[in-house]
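Heads up, the thing below is written out as structure tokens.
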Amino acid sequence: MPTATSNEILPSAFYDRPALEVAHDLLGMRLVRLLGNNRLAGIIYEVEAYQGEEDLACHARVGKTARNAVMYGRPGLAYVYFTYGMHWCLNAVTGPGEIPSAVLIRGILPVEGLDIIAARRSGQPKSHWTDGPAKICAALGIDGQQNGADLCSTKDGLWVERGNPPPPETIQHGARIGIASVPEPWRSLPWRLWFTLPDQ
DNA sequence: TTTACGATCTAT
DNA sequence: TAGATCGTAAAT
């Protein structure tokens, strides 16, 4: 049985692979945020892969700009972007190598710092605390200041620890969300991955 | 400088 | 099902 309490931080090499592979392997891992003296964490259960300038759903489709520059950086950095005039979303930059790719973190199951998360998501039921990319950032206090943060170290207060990979038969996949105006085949590629947690 | 729209969320 | 709300990239 894999241990559920390991504090091993995923290294840069973990992210230096195609985004779809990294997305798959991030399922079951633990996203950790240090906010003041409080440790907040959740198990990643839904992700999406965005791979390179050729992927017309990827922010890198327009080439390198000030906004997406972090995606051209080292695998294992956080790419945090602002959207719809009010929301922040968190990605993990992936490889391989220089290819501007990332994995959008779309859903986590809160497991540490529940009181803080509840306060940050006041008014919402627990089931909706972190079931969307912008909700995760609101719950964990992630915004533009974390853009470019090193997910492979604790120095920026945001990292990912090794957890328990889900049983392969529980993993599902489908089209990515919110890209209706993107042409095929990109719109329908099954690059959103998720798994159903035992308790839900 | 103006315009159109978005890897979303919430209340209705 | 529509409104919120503003940075970004492309058009003017």
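We name chains A, B, ... by the order of the sequence lines, and we start the count at 1 in each one.
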P gap between dT1(C) and dA7(B), integer Å:
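One P to the other, the span is 22 Å.
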
P-based separation of dT2(B) from dT5(C) [nearest Å]:
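Rounded to whole Å, the distance is 22 Å.
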
So, F82(A) versus W88(A), ring centres under 6.0 angstrom or not?
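Distance test on ring centres: under 6.0 Å, yes.
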
Grouping I, L, V, M, F, W and Y whenever their side-chain heavy atoms are under 4.5 Å apart, do V182(A) and Y81(A) come out in a common cluster?
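Looking at the clustering, Y81(A) is in the same group as V182(A).
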
Do R17(A) and F14(A) meet the cation-pi criteria used here (NZ or CZ under 6.0 Å from the six-membered ring centre, within 45° of the axis)?
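Yes; both conditions hold, so R17(A) lies above the ring face of F14(A).
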
Whether the Y72(A) and E53(A) side chains hold a donor-acceptor pair (N or O, under 3.5 Å, no angle test) is what I'd like checked.
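Distance-only check passes for Y72(A) and E53(A).
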
Test item: side-chain donor near acceptor, E184(A) and W186(A), under 3.5 Å:
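The answer is no; no qualifying pair exists.
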
Could you encode protein contacts along nucleotides 3-12 of chain B as a string, one character per nucleotide from 5' to 3', using B for base contact, S for sugar-phosphate-only contact and - for no contact, with a heavy-atom cut-off of under 4.0 Å?
---BBBSSS-

Closest heavy-atom pair and its distance - R121(A), A139(A)
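Scanning both residues completely, I find the closest heavy atoms to be CG-CB, 3.8 Å.
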
Partner of dT2(B) by Watson-Crick or G-U wobble geometry, both contacts under 3.5 Å, or none?
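Base-paired to dA10(C).
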
Pair assignment for dA7(B), Watson-Crick or G-U wobble, requiring both distances under 3.5 Å:
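dA7(B) is unpaired by these criteria.
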
Rounded to whole Å, please give me the gap between CG in L56(A) and C1' in dA10(C).
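Answer to the nearest Å: 16 Å.
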
